[in-house]
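As structure tokens, the structure follows; a few thoughts come after it.
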Amino acid sequence: MGTRYQRVRGMRDVLPGESERWREVEGVVIDVLGRYGFREMRLPLVEVTDLFTRGVGEATDLVEKEMYTFDDRKGKSLSLRPEGTAGCVRACIENGLLHNQVPRLWYHGPMFRYERPQKGRTRQHTQIGGEVFGVSSPEVDAEILTMLCRVFRELGLSREVTLELNSLGSGTSRDRYREALVDYLAPHRDALDGDSRRRLGTNPLRILDSKVAATRAIVADAPAPVDYLGPASQQHFDGLRRLLDQAGVDYRVNPHLVRGLDYYTDTVFEWVTEALGAQGAVCSGGRYDGLVERLGHRPVPGAGFGMGLERVVLLHETCNGRDYSRADVYVIASPAHTARAAMVAESLRDGTTLRVLQHAGEGGLVSQFRHADRSGARWAVIVGDDEVAQNRVSLKWLRVDAQPGRGEQKMLPVDELITTLKGAG
RNA sequence: GUGGAUGUAGCUCAGUGGUAGAGCCCCGGAUUGUGGAUCCGGUGGUCGCGGGUUCAAGCCCCGUCAUCCACCCCA
């Protein structure tokens, strides 16, 4: 008896029954992105570590203590991507996508963060992210949010999520605010929690969204970023709010909303839910006008988002508990006619788009009908001695929920079977 | 990284230091060609792993791994 292997901590298997839901959710998101003109990027999972320390920020928790970092065989430091934007920007620069173009891009795939797993949080998680480069006006911010609003609507999750919005400002106004915040907090230093005390020197904005009650009380009267916006940032924020109002996108301004990644400027947002416990952020993002320059290209503005699919799928499940069946048609046969049944199944696949599952393995007809029922199929097709003798097959309706009696059944030629099921599908 | 809870059949879980259990699932039968309901029978276990205490450990002790929840962090 060998070792019994376990999955690595924080990693998950997605099994049949869940994978269908994943496909459905991903399908909706990707479809909406396409309808807004976003095109797919397929990006590597591994990047040079420095891309993240520089792009995301050295003092962020993400790079400070959550990255999977390792040396390759020549001693170069590489990291599994903890987020998507930095790699996307790198790819855009490297492939010349930012020259006189306004690319709208999306990507999909796993991100890795070494955190303690809990509900809605795994060490490998999946994001769909989108980025728009080259436009600094708030139209782009508004369009992204309108699009995300549509995504949640089409997923049937509008009632579950709310949009929180804030502006961090940019440039000197952001620096001025930072100073003002530190000035305000410094006298209260001893009353802050330990984490916040530490952040006072490294990343004071993060103190704004602390959950520690004592800290919250102090922060409640602290100056907010919106009070320090420069004229351009103020205009941008006002413009964005006006556009959202016109588009009918509901939002709540949360003056304490900040991001844990350093590259954000001006607009930041977060779609949050109450239904997932402590991990309430389902999708978030904002504007990052300084990032492209920080990564070595001439300045190009950008805005984007990341959506945590594990959490969206979890939400989808709480709102939509239906089972995903694996078949539409279940073909059963008497032992002598399994080959013929296979041909019937194949004809059905030729003539329709239905999922046709042929009974495999042993089992009498009783057992086969039981399998047909449990497969979730709507119809059973029977290829038995009587049917073959008449060069026909039987079609039986398995789902007649209204009446408790037996399902309807009739015998018919294969071409008629196809037209019948085509019409019913 | 910190704290709490939990690991027993594929799943959900009972189990007083003294023979390893139930329900669901699965398989077969009642029904040699008709599913769902009912009834009968059956398969399935290194009790997470490693030590220790004991005549005897699923149960007590220590360690360890994992899961869950919260902190933290974020999507």
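Proteins come first, then strands; the chains are lettered A, B, ... in the order of their sequence lines, and each starts at number 1.
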Distances under 3.5 Å between protein N/O atoms and the N/O atoms of nucleotides 63-67 of chain B, please, pair by pair.
| from | atom 1 | to | atom 2 | distance (Å) |
| --- | --- | --- | --- | --- |
| B:U67 | OP1 | A:Gly10 | N | 3.2 |
| B:U67 | OP2 | A:Arg9 | NE | 2.7 |

RNA chain B contacts among [range], heavy-atom distance under 4.0 Å:
range	value
residues 30-55 of chain A	none
residues 253-267 of chain A	A:Arg259, A:Gly260, A:Leu261
residues 276-283 of chain A	A:Gly277, A:Ala278, A:Gln279, A:Ala281, A:Val282, A:Cys283

Just checking A:Ile382: base, sugar-phosphate only, or nothing, at a heavy-atom cut-off of under 4.0 Å?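 Here A:Ile382 touches the bases of the nucleic acid.
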With salt bridge (charged side-chain N to carboxylate O under 4.0 Å, His left out) as the rule and sequence neighbours excluded, what pairs involving residues 256-265 of chain A come up?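 Of all non-adjacent pairs touching residues 256-265 of chain A, those that pass salt bridge (charged side-chain N to carboxylate O under 4.0 Å, His left out) are A:Arg259-A:Glu270.
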Do any pairs count as a salt bridge (charged side-chain N to carboxylate O under 4.0 Å, His left out) and have a residue in residues 120-140 of chain A, sequence neighbours left out, and if so which ones?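 Qualifying pairs, neighbours excluded: A:Glu115-A:Arg121.
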Kindly say if A:Gln118 contacts the phosphate of B:C69, meaning a side-chain N or O under 4.0 Å from OP1 or OP2.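 Checking B:C69 against A:Gln118, no side-chain N or O comes under 4.0 Å of OP1 or OP2.
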Can you check whether A:Ser334 has a side-chain N or O nearer than 4.0 Å to OP1 or OP2 of B:G33?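 No, because none of the side-chain N or O atoms of A:Ser334 sits under 4.0 Å from OP1 or OP2 of B:G33.
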Would you tabulate the pairs of protein nitrogen or oxygen atoms and nucleotide nitrogen or oxygen atoms of nucleotides 39-45 of chain B closer than 3.5 angstrom?
none

Could you tell me which nucleotide pairs with B:G21 by Watson-Crick or G-U wobble geometry, both distances under 3.5 Å, or answer none if nothing does?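 B:G21 is paired, partner B:C13.
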Determine whether a donor-acceptor pair (one donor, one acceptor, N or O, separation below 3.5 Å) exists between the side chain of [X] and the base of [N].
X	N	value
A:Lys65	B:G1	no
A:Gln368	B:U34	no
A:Glu115	B:G1	no

Donor + acceptor pair across side chains of A:Glu160, A:Thr273 (<3.5 Å):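 Note: A:Glu160 and A:Thr273 side chains miss the donor-acceptor criterion.
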Can you list everything that forms a side chain to side chain donor-acceptor pair (under 3.5 Å) with A:Asn391? Sequence neighbours excluded, please.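 Testing A:Asn391 for side chain to side chain donor-acceptor pair (under 3.5 Å), a comparison that skips the adjacent residues, returns A:Arg340.
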Using the side-chain contact (heavy atoms from CB on, under 4.5 Å) definition, which of the options A:Ile418, A:Leu417, A:Asp415 pairs with A:Ser347?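 Only one option passes, and that is A:Ile418.
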For the backbone of A:Arg355 and the side chain of A:Asp328, can you confirm whether one donor and one acceptor N or O come within less than 3.5 Å of each other?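 Yes, the answer is positive, given that a donor and an acceptor are paired below the 3.5 Å cut-off.
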Rounding to the closest angstrom, what is the interatomic distance between B:C61 and B:G4 at atom P?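 About 15 Å, rounded to a whole number of Å.
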Can you name the side chain to side chain contact (heavy atoms under 4.5 Å, CB included) partners of A:Arg35, sequence neighbours left out?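 Side chain to side chain contact (heavy atoms under 4.5 Å, CB included) check on A:Arg35 returns A:Asp31, A:Val32, A:Arg150, A:Glu154.
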Strictly by side chain to side chain donor-acceptor pair (under 3.5 Å), give each pair with a member in residues 58-71 of chain A just once, sequence neighbours left out.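 Sorted pair list: A:Thr69-A:Ser79.
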With sequence neighbours excluded, residues passing salt bridge (charged side-chain N to carboxylate O under 4.0 Å, His left out) with A:Asp209: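 In terms of salt bridge (charged side-chain N to carboxylate O under 4.0 Å, His left out), with neighbours along the sequence ignored, A:Asp209 is linked to A:Arg206.
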Under 6.0 Å from the ring centre and within 45 degrees of the ring axis: does the NZ or CZ of A:Arg326 meet both conditions for the six-membered ring of A:Tyr324?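 Pair A:Arg326/A:Tyr324 does not count as cation-pi.
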For nucleotides 24-27 of chain B, tabulate all protein N/O to nucleotide N/O atom pairs closer than 3.5 Å, reporting atom names and distance.
| from | atom 1 | to | atom 2 | distance (Å) |
| --- | --- | --- | --- | --- |
| B:C26 | OP1 | A:Arg374 | NH1 | 3.1 |
| B:C26 | OP2 | A:Arg374 | NH1 | 2.5 |
| B:C27 | OP1 | A:His371 | NE2 | 2.7 |

